[in-house]
Protein chains: 2
Amino acid sequence: MAAELTAHQLIATHRPTLDQALETIRTRAYWSPHPEHPKAYGENGSLSLPEGKAAFDALLGNRFDLDQPGTDDWTGAEVSPYGPELGITYPHPDIDTLLPAMRAAMRAWRDAGAEVRAMVCLEILSRISARTHELAHAVMHTSGQAFMMAFQAGGPHAQDRGLEAVAYAYVEQARTPDNAEWSKPQGKRDPIALDKRFTPVARGIALLIGCNTFPTWNGYPGLFASLATGNPVLVKPHPRAVLPLALTVRIAREVLADAGFDPNLVCLAVERPEEGIAKALAVRPEIKIIDYTGSTAFGDWLEANARQAQVYTEKAGVNTVVVDSTDNYKGMLSNLAFSLSLYSGQMCTTPQNLLIPRDGIATDAGAKSYDDVVSDLAASVNGLLGDDARANGILGALVNPGVKARLEAAAGLGEVALPSREISNPEFPDAVVRTPVIVKLDGAKPDAEAVYLNECFGPVSFAVAVDSSADAVELLRRTVRDKGAMTVGAYTTSDEVSGAVEETCLEECAQLSLNLTGGVYVNQTAAFSDFHGSGGNPAANAALCDGAFVANRFRVVEIRRDA
Amino acid sequence: MAAELTAHQLIATHRPTLDQALETIRTRAYWSPHPEHPKAYGENGSLSLPEGKAAFDALLGNRFDLDQPGTDDWTGAEVSPYGPELGITYPHPDIDTLLPAMRAAMRAWRDAGAEVRAMVCLEILSRISARTHELAHAVMHTSGQAFMMAFQAGGPHAQDRGLEAVAYAYVEQARTPDNAEWSKPQGKRDPIALDKRFTPVARGIALLIGCNTFPTWNGYPGLFASLATGNPVLVKPHPRAVLPLALTVRIAREVLADAGFDPNLVCLAVERPEEGIAKALAVRPEIKIIDYTGSTAFGDWLEANARQAQVYTEKAGVNTVVVDSTDNYKGMLSNLAFSLSLYSGQMCTTPQNLLIPRDGIATDAGAKSYDDVVSDLAASVNGLLGDDARANGILGALVNPGVKARLEAAAGLGEVALPSREISNPEFPDAVVRTPVIVKLDGAKPDAEAVYLNECFGPVSFAVAVDSSADAVELLRRTVRDKGAMTVGAYTTSDEVSGAVEETCLEECAQLSLNLTGGVYVNQTAAFSDFHGSGGNPAANAALCDGAFVANRFRVVEIRRDA
């Protein structure tokens with residue numbers, strides 16, 4: 001087949017990027033090949049912000065064709081959290097036609113080898129990067145993220161996570177050589193010798209079940225880890241957030257075809273309203289890998305029922321910040337205020353429970369009572385979000401009515417330290433924009449525990465009064481062990497307390513951010529350096545991204561013969 | 001604590017060995033630090049053959065004390081397949097005392113770090129190596145292996161597999177640095193910077209469920225992979241093969257104590273007759289990893305029920321050899337004869353089904369009919385085992401009455417091409433020694449399929465007449481897909497047939513040996529080079545040993561703070 005893109009061209013273009021990624025996952029220093037500034041786009045074939053907006057607008061109200069086999073219907077009912085209906089319909093799959101077509105694509109993809117697969121993945125990421133502004137609008141109008149966040153998290157940061165997965169996948173496959181000559185001495189006799197050939201082989205078809213809030217950021221690691229290890233990937237987006245992954249699938253199919261591979265290595269499965277296609281797909285014998293981000297209930301169901309597949313889940317947890325003491329009270333408050341506000345607290349990494357000693361804490365600004373800390377934090381949030389334009393840029397919109405309902409119910413759960421405020425968005429008057437609520441709870445009261453030990457996804461935090469920092473650490477331990485946590489934060493100037501928090505996080509397997517007072521927030525992780533989740537507590541059974549995330553997506557077949 | 005062995009000493013002694021192991025799992029060339037010749041032992045503190053025998057004899061009829069916490073009884077009823085009762089009793093655990101003691105040992109082991117853990121594991125292996133002759137007798141008199149096999153497979157080869165697991169575990173943990181300084185440029189502003197610390201943390205207590213036939217060879221990979229990644233290991237031996245693992249546990253505990261660690265990092269759990277302790281242990285919440293070798297039924301049960309644990313299983317499969325053609329008929333016959341005879345076919349890797357075209361095959365000795373091939377193979381087995389002393393040295397003894405019963409029933413399954421012969425063992429008159437049986441079956445007959453598509457563990461092979469080599473390949477595919485296979489063999493001079501067999505093995509994920517006619521046999525795999533099992537077909541969900549076998553035995557916890 002005369003491929004438009006040869007392996008040689010792909011390697012010449014992308015091998016240096018892969019090598020830098022391989023180096024960075026070893027050093028875990030800062031690096032990204034994907035620019036974070038909107039103005040960095042618009043040249044060398046990439047779309048500028050207005051071009052990306054125009055490309056997005058052109059998709060609205062139309063069929064999104066992918067030229068996939070087995071399309072038996074068109075479906076789609078996305079409504080932007082900012083108000084407008086997207087009006088896009090997508091191919092609905094006849095699974096019994098689509099899955100065999102995907103399997104038929106596997107052999108050539110396997111025979112291409114790990115390096116070429118990595119190069120094709122990097123070309124896909126490169127073309128995604130060029131259309132970052134188009135994807136940013138797609139992410140914004142499906143997740144409700146504010147534009148800058150949709151641009152950064154949905155664009156370069158998601159692409160970084162995809163590239164990270166490709167790097168792990170490559171290094172994991174390349175650790176075994178393609179060939180070996182094995183020669184075993186036999187004393188005075190001739191050695192016995194074997195020629196051995198080693199081939200990484202895919203497990204089967206991978207299913208990616210996308211989420212509503214971060215369709216690309218949470219989707220790319222699994223997608224690229226599976227594809228780079230030889231598995232076709234069937235992408236099942238969240239019905240409210242189809243477009244970002246549909247664009248991704250379209251780009252992947254274009255690149256695969258240009259490189260001479262079967263585009264059916266990446267396909268889209270969009271469901272009809274209430275169809276629940278994920279459940280049916282997850283137990284199909286052809287599906288050997290599942291990546292899932294979403295509710296604990298369905299994640300647990302997948303782990304229990306999709307027994308024919310390797311299942312990687314990111315579910316929900318209860319994220320805790322221990323507030324013991326600080327030498328930068330103002331920095332702590334502003335850091336926490338931003339963490340609680342960003343994307344209206346709709347991140348799986350947003351802190352939920354702030355554990356504060358009821359007798360108060362020591363700070364560089366003097367002793368602060370529990371009430372002081374809570375009201376100062378409330379004031380800090382109010383300061384951050386006091387200007388409506390700025391607030392809109394940080395909060396984005398509530399992603400769905402469930403979040404709004406939880407927010408409204410939160411006011412009845414305890415004493416409200418910071419009420420939620422409705423903010424209007426002049427550009428999108430139908431957007432539901434709300435500032436976060438902070439509710440006071442007494443950690444010692446059993447009825448309060450039933451509240452704060454459950455995940456309350458959205459802009460709701462609990463300021464939990466605890467007896468002491470030791471009490472806080474014990475509650476932290478119990479929370480992580482029983483409920484899981486994607487993140488843990490702590491503020492303390494005490495070596496004893498930091499030691500106890502660190503030991504707890506090591507023993508209960510949670511990622512810890514200590515004394516963050518600057519421009520990094522507990523809810524943000526950087527690809528190539530930070531692990532997202534640990535895979536060792538109930539919030540997630542895998543971390544993004546590490547060796548375990550990729551090593552079992554393929555197996556190695558050895559063919560040996562007498563030399 | 002004043003350790004007898006310091007980290008410094010351990011690193012000076014063992015780091016070069018680890019480095020060589022790390023290099024070898026990359027090149028997959030031949031290497032072993034463990035001598036394969038009985039006479040290589042007896043100096044530098046290692047036991048000679050008579051010393052090993054004497055050490056073994058001294059254990060017989062006595063209590064085997066380990067000074068473990070929570071011993072509530074003494075139990076043990078091992079009888080050598082060669083006849084004698086061992087008369088050894090072992091500590092029976094009170095699990096509710098033992099498991100907490102094991103957990104208490106974890107923190108210091110974690111804090112030691114990956115390199116020191118690897119060094120301690122290598123010291124354990126080194127002391128095991130010095131006692132290879134003692135272990136060889138223990139393996140012989142629990143598995144029924146002949147002495148040379150018990151010595152080699154139970155000694156150096158098992159130690160190689162343990163070392164291989166340590167190497168994989170080390171490289172997997174060391175891929176993430178202990179520390180990173182992360183600094184992200186912010187244009188004209190100061191960069192934002194974080195100090196990051198990464199710690200590999202264990203999952204919890206690992207349970208090793210040993211098997212009867214290869215207690216050390218199949219046990220060491222899981223034991224050392226778990227221990228090297230920070231997990232305490234509870235060893236639950238097969239009740240008929242306790243001693244080899246009990247000796248291993250004793251040595252491990254001695255080394256751990258000498259190195260200043262809690263010996264309870266490695267403990268033994270021996271069950272009372274019919275107690276079924278593995279089932280109870282497997283679902284304990286403290287048990288986070290399980291390594292298992294044994295029947296498919298219990299392996300499937302573990303995978304379905306021990307949901308709190310990572311479960312690594314090696315179960316059973318139906319191993320196939322496709323016989324299409326050969327340019328070395330004599331070499332093929334003698335190679336196959338040895339494969340069928342070694343340890344009375346009681347290896348999970350022994351071929352069961354020999355698929356031979358009913359119209360015969362082409363060979364360098366002329367065309368051979370199906371009947372020729374089968375009778376020539378029978379003659380080759382008879383030649384190999386014609387001398388009783390030599391036969392005893394190859395066959396060993398039947399490991400248990402179940403194997404004997406299957407062997408006896410096999411004669412009724414079809415036309416017997418090679419009857420089994422009873423061989424007396426002058427040294428051990430009570431040993432049950434039998435030559436293998438070969439039974440002819442017609443692959444086209446449905447009632448035959450019900451026979452050859454089930455695993456018949458022991459010295460039973462089926463010469464299955466097939467319509468053609470293409471038919472053989474299709475049957476191979478179906479066998480691997482439905483029943484699993486630890487090994488596949490093929491003999492062919494045809495590129496078309498070898499291509500079809502290779503493609504089948506790549507697609508169905510089975511390890512293939514092609515045209516072996518010399519001193520390597522399909523049922524043998526070498527550590528550092530060959531993968532034992534693929535982890536991708538029903539015979540096993542893991543391969544010994546690869547990245548996936550170790551990567552999920554630990555997680556990495558990150559602690560980050562403002563720089």
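Naming: A, B, ... by sequence-line order, numbering from 1 per chain. Computed over heavy atoms, backbone and side chain alike; hydrogens, waters and symmetry mates excluded. This one's a predicted model, so the numbers in the text were calculated from it and none came from an experiment.
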Discussion item. Does any backbone or side-chain atom of Ala174(A) lie under 4.5 Å from a heavy atom of chain B? Answer side chain, backbone, both or neither.
Written reply: neither
Item to complete: Between chain A and each of Asn541(B), Val201(B), Val501(B), count heavy-atom pairs under 4.5 Å; write down the option with the most.
Response: Val201(B)
Worksheet, complete the sentence: Max heavy-atom pairs within cutoff under 4.5 Å with chain B, candidates Gln524(A), Lys288(A), His37(A), goes to Gln524(A)
Fill in: Structural part of Asp195(A) lying under 4.5 Å from a heavy atom of chain B
neither
Worksheet item: Side chain, backbone, both or neither: which part of Arg560(A) has an atom under 4.5 Å from a heavy atom of chain B?
Response: both
Worksheet item: Does any heavy atom of chain A fall under 4.5 Å from the side chain of Arg307(B), the backbone, both, or neither of them?
Response: side chain
Worksheet, complete the sentence: Honestly, the part of Ser183(A) sitting under 4.5 Å from a heavy atom of chain B is backbone
Worksheet item: Heavy-atom distance under 4.5 Å to chain A: side chain of Arg197(B), backbone, both or neither?
Response: side chain
Worksheet item: What pair of heavy atoms forms the shortest contact from Trp182(B) to Ala29(A), and how long is it?
Response: CD1-C, 3.6 Å
Worksheet item: How far apart are the closest heavy atoms of Lys184(A) and Glu36(B), and which atoms are they?
Response: NZ-OE2, 2.6 Å
Worksheet item: For the candidates Thr199(A), Ile559(A), Asn179(A), which exhibits the highest count of non-hydrogen atom pairs separated by less than 4.5 Å from chain B?
Response: Ile559(A)
Discussion item. Please classify the contact of Arg203(A) with chain B as side chain, backbone, both or neither, using a heavy-atom distance under 4.5 Å.
Written reply: side chain
Worksheet, complete the sentence: Honestly, the part of Ser513(A) sitting under 4.5 Å from a heavy atom of chain B is both
Worksheet item: Any ion pair linking Glu502(B) and Arg561(A) (charged N to carboxylate O, less than 4.0 Å)?
Response: yes
Worksheet item: Can you tell which of Gly536(B), Ala180(B), Pro177(B) has the highest number of heavy-atom pairs within less than 4.5 Å of chain A?
Response: Pro177(B)
Fill in: Side chain, backbone, both or neither of Lys196(A) within contact of chain B (heavy atoms, under 4.5 Å)
side chain
Worksheet item: Among Ala193(B), Gly187(B), Gly519(B), Gly535(B), which residue forms the greatest number of heavy-atom pairs with chain A at distances under 4.5 Å?
Response: Gly535(B)
Discussion item. Less than 4.5 Å to any heavy atom of chain B: does that hold for the side chain of Gln186(A), its backbone, both, or neither?
Written reply: neither
Worksheet item: Picking from Ser529(A), Ala542(A), Ala202(A), which has the most non-hydrogen pairs under 4.5 angstrom with chain B?
Response: Ser529(A)
Worksheet item: Do you know which of Asp530(B), Asn552(B), Thr176(B) has the most heavy-atom pairs with chain A at a distance under 4.5 angstrom?
Response: Asp530(B)
Worksheet item: If you count heavy-atom pairs under 4.5 Å between each of Ala490(B), Ala304(B), Cys505(B), Pro191(B) and chain A, which one has the most?
Response: Ala304(B)
Worksheet item: Contact part of Ile192(A) toward chain B, heavy-atom cut-off under 4.5 Å: side chain, backbone, both or neither?
Response: side chain
Worksheet item: For the atom pair OG1 (Thr517(B)) and CG (Asp562(A)), what is the distance rounded to the nearest 0.5 Å?
Response: 4.5 Å
Worksheet, complete the sentence: One option among Glu181(A), Arg26(A), Arg110(A) has the most heavy-atom pairs under 4.5 Å with chain B, and it is Arg110(A)
Discussion item. Closer than 4.0 angstrom, basic N to acidic O: yes or no for Arg103(B) and Glu507(A)?
Written reply: no
Worksheet item: Between Phe198(A) and chain B, which part of the residue has a heavy atom less than 4.5 Å away: side chain, backbone, both or neither?
Response: side chain
Worksheet item: So, for Arg555(B) and Ala548(A), which heavy atoms are closest and what is the spacing to 0.1 Å?
Response: NH2-CB, 3.2 Å
Practice prompt. State, yes or no, whether a side-chain contact exists between Val557(B) and Gln511(A) at a heavy-atom distance under 4.5 Å.
Written response: yes
Worksheet item: If you tally heavy-atom pairs under 4.5 Å against chain A, which of Val550(B), Thr27(B), Leu506(B), Val171(B) wins?
Response: Leu506(B)
Discussion item. How long is the straight-line distance from CG of Leu194(A) back to CG of Leu514(B), given to the nearest 0.5 Å?
Written reply: 11.0 Å
Discussion item. To the closest 0.5 Å, what do you measure between CG (Asp546(A)) and CD (Glu172(B))?
Written reply: 8.0 Å
Practice prompt. Could you pull out the closest heavy-atom pair between Gly547(B) and Arg175(A), with the gap in Å?
Written response: CA-NH1, 3.9 Å
